[in-house]
Number of protein chains: 2
Amino acid sequence: MPTIKDVAKYLGVSVSTVSRALNNHPDIKPDTRHEVLEAMKRINYTPNAVARSLISRKSNTVGLMIPDITDPFFSAMAHDVEEVLTDNGYQVVYVNTSRKSDKEKRFLTSVMERKMDGIIVTPDFLDEEALDMLRRLEIPVVFLRRRPPQDLDMPFVDVDHYEGACHAMDYFFSLGHSRIGFMGMPKYSFTGQERYRGYVDSLKKRGLEPDPKGIVWEGRTIECGHKAMSKLMGEFPSMTAVFAANDLLGIGALEWLAENRLSVPAQMSVIGFDNLEVSNLHWIKLTTVAQPRKEMGRKAAEVLLQMLTENKLTAQSILLPTELIIRDTCTSASASDH
Amino acid sequence: MPTIKDVAKYLGVSVSTVSRALNNHPDIKPDTRHEVLEAMKRINYTPNAVARSLISRKSNTVGLMIPDITDPFFSAMAHDVEEVLTDNGYQVVYVNTSRKSDKEKRFLTSVMERKMDGIIVTPDFLDEEALDMLRRLEIPVVFLRRRPPQDLDMPFVDVDHYEGACHAMDYFFSLGHSRIGFMGMPKYSFTGQERYRGYVDSLKKRGLEPDPKGIVWEGRTIECGHKAMSKLMGEFPSMTAVFAANDLLGIGALEWLAENRLSVPAQMSVIGFDNLEVSNLHWIKLTTVAQPRKEMGRKAAEVLLQMLTENKLTAQSILLPTELIIRDTCTSASASDH
DNA sequence: CTGAAAGCGCTTACAG
DNA sequence: CTGAAAGCGCTTACAG
């Protein structure tokens, strides 16, 4: 691979001149610049970004830490993060943490060593060690779908899960439901907690006490929803509606209901959360709370970009609104009173 | 950020000694090594990977070029690529090409400048310019779900789409079908072409001539499948079975059939390709050709790793087998003769 | 406008 | 075993 020296030798000029041509430096005669650029083409010179980074202290790379690229949510966000960032000259290094603490830390170590310019993170574990690394980083950090710890003044980008859950509950109430079950995601899940808060607060606001029998925590998959629905029907038979903390759970519930010949929405109303593509399938048509996934990725990248260009370590957080998508899985409570 | 010099000064040793401690070099007294390592911790020293790369000519980064991380296929592969590679000390830089030629080229440029150690690529456009870059790269390249051009001796990892299509057709034939429709993905799609070849050859092998009226090309989405089914029923009404080149098309077909009160499989047998999660949903249960997605990503990473460690520019390609997953959308032809 | 020199943070022969 | 020196491929004051 030819270096800047080869180009200089080839033309009989100094490396400084070549460098200046490469960097569009004003202190160079347009003619020589042109010659140099031509010569570079001719000998197939490609600038070594590693050497440039060492001097400029800018690696032009951004880290993206997410739990699992396989989750349609994160892949949608990753898509837009990449788009915005590479359009601005950055390369994105991505890591799946698989929700493992040590993978998160390995990533942060890598961020320091590789001298990344900034990161977008969705951590699930932030112990003292990880926090310490985050503090020492001295580069822009934006939290995606997570909140930064109290003492770190870093921006986050997320959807308002709490508000979204309230929308769903409001809709149930407007339809006259009051015995509303809840299927939660794993308890450690931040988004799951927020949605649960919305469920509980919505009930309390109407003077209703959440019934522990109407609340199950099985996990986050379709199978879990299936199991959860079965459990709920056993423990809380008077239920007329169920709020699933995510669409997969909601779909599992619909599956169980279909298998047990309970008609939806006549006998049971269901609302999910996420608005996955599948939820709009002809056979499902799940009423759900939609969140703007791609926009979330885009916004996270934009916030990071802003910090990068303004050379600041903080910025304004963004909480995007949710939207209730009304489809075919809800009806008024009277229809389903048993 | 402290550098190796700071560590040396702190301890009153030379930078060479510090470097040797850092690299586990044998030429260092265990005691001093230990002291150095301790000192590094104390002053929060982190090695600068950029500087190390400049010397070692190894960036420990691998590029992953895929059309769209949002596609469950590519996200599944990306997941395992990342896992295998980071477990081996590499970081992965990923790019969505969105099937745009210039994005592919920008990526290749970046690969050269950034001195990536190797790449895994799923290109859709390889014109002379791109090929030229690929040739000049001088690093291991593995093709994922694509074939390298003739004159480039580079390995690929893929599933045997042709064989998969034959499996599907064999099954139709074993059920007595002969008037079998086909819905294809966009014609430029390599995987789509292979599946189409399997369809055509399977017919010919039985002395049947593919009927142009039984073949439609609408795209790759559910909506396309919906439209395609409608078209097919109009043009090729004697059809008793349809092979969809991917599951989304198959699901779109099922949707149209359900809307038009045609029962599946009694009146129409359907096979898809991909075995998406949704295809196993209670309401869908699509018979389909499964491909080992994650394994593909894993294998691609392993092949690359092998080339990287053996310092070779080529390796054995891998063609993974497909598997027909029989579910509920097929029955014998006699049932559906009309 | 151009070139010689120093230096980014490391590693690696080479002496000792 | 340890240190001084050269060098990876660039950029950037500093002179001229």
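Everything numeric here is computed off the predicted structure, so don't read it as measured data. Naming: A, B, ... by sequence-line order, numbering from 1 per chain.
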Answer yes when [X] and [Y] have at least one side-chain N-carboxylate O distance shorter than 4.0 Å, and no when they do not.
X	Y	answer
Lys105(B)	Asp132(B)	no
Glu113(A)	Arg52(B)	no
Arg298(A)	Glu83(A)	yes
Arg135(A)	Asp151(A)	yes

Taking any heavy-atom pair under 4.0 Å as a contact, classify [X]: base, sugar-phosphate, or nothing.
X	answer
Ser56(A)	nothing
Val13(A)	sugar-phosphate
Asn48(B)	sugar-phosphate
Ser53(B)	nothing
Thr3(A)	sugar-phosphate
Pro30(A)	sugar-phosphate
Ile28(B)	sugar-phosphate

Which whole-number value in Å describes the distance from [X] [atom1] to [N] [atom2]?
X	N	atom1	atom2	value
Leu22(A)	dT11(D)	CG	C1'	10 Å
Asp27(B)	dG16(C)	CG	P	17 Å
Ile4(B)	dG3(D)	CD1	C1'	13 Å
Arg52(A)	dG9(C)	CZ	P	18 Å
Tyr45(B)	dC10(C)	OH	C1'	7 Å
Lys115(A)	dC8(C)	NZ	P	14 Å
Leu54(B)	dC10(D)	CG	P	9 Å
Asn24(B)	dT12(C)	CG	C1'	16 Å

task = Identify the residue among Leu305(B), Leu64(B), Asn60(B), Thr61(B) that makes a side-chain contact (heavy atoms from CB on, under 4.5 Å) with Leu85(B).
result =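 Considering Leu305(B), Leu64(B), Asn60(B), Thr61(B), a side-chain contact (heavy atoms from CB on, under 4.5 Å) with Leu85(B) is found only for Leu305(B).
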Base-pairing assignment for dG3(D) (Watson-Crick or G-U wobble, both under 3.5 Å) =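 Its partner is dC14(C).
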[X] side-chain N/O to [N] phosphate OP1/OP2 under 4.0 Å:
X	N	answer
Ser19(A)	dT11(D)	yes
Ser16(A)	dT11(D)	no
Asn23(B)	dT11(C)	yes
Thr17(A)	dG3(C)	yes
Arg20(B)	dT2(D)	no
Lys5(A)	dC8(D)	yes

message = Closest-nucleotide mapping onto DNA chain D: is Pro26(B) or Met1(A) further toward the 5' terminus? I mean the 5' end.
response =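 Going by which nucleotide is closer to the 5' end, it is Pro26(B).
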note = Of dT11(C), dC1(C), dT2(D), the nucleotide closest to the side chain of Ile55(B) is dT11(C)
request  = Among dC1(C), dT11(C), dT11(D), find the nucleotide with the atom closest to the side chain of Lys29(A).
outcome  = dC1(C)
query = When only distance counts, do a donor and an acceptor, one from the side chain of Arg57(B) and one from the base of dG9(D), lie under 3.5 Å apart?
reply = no
Positive for side chain to side chain donor-acceptor pair (under 3.5 Å) with Asp158(A), one of Lys299(A), Gln291(A), Arg147(A) =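 When Lys299(A), Gln291(A), Arg147(A) are each tested with Asp158(A), the side chain to side chain donor-acceptor pair (under 3.5 Å) holds only for Arg147(A).
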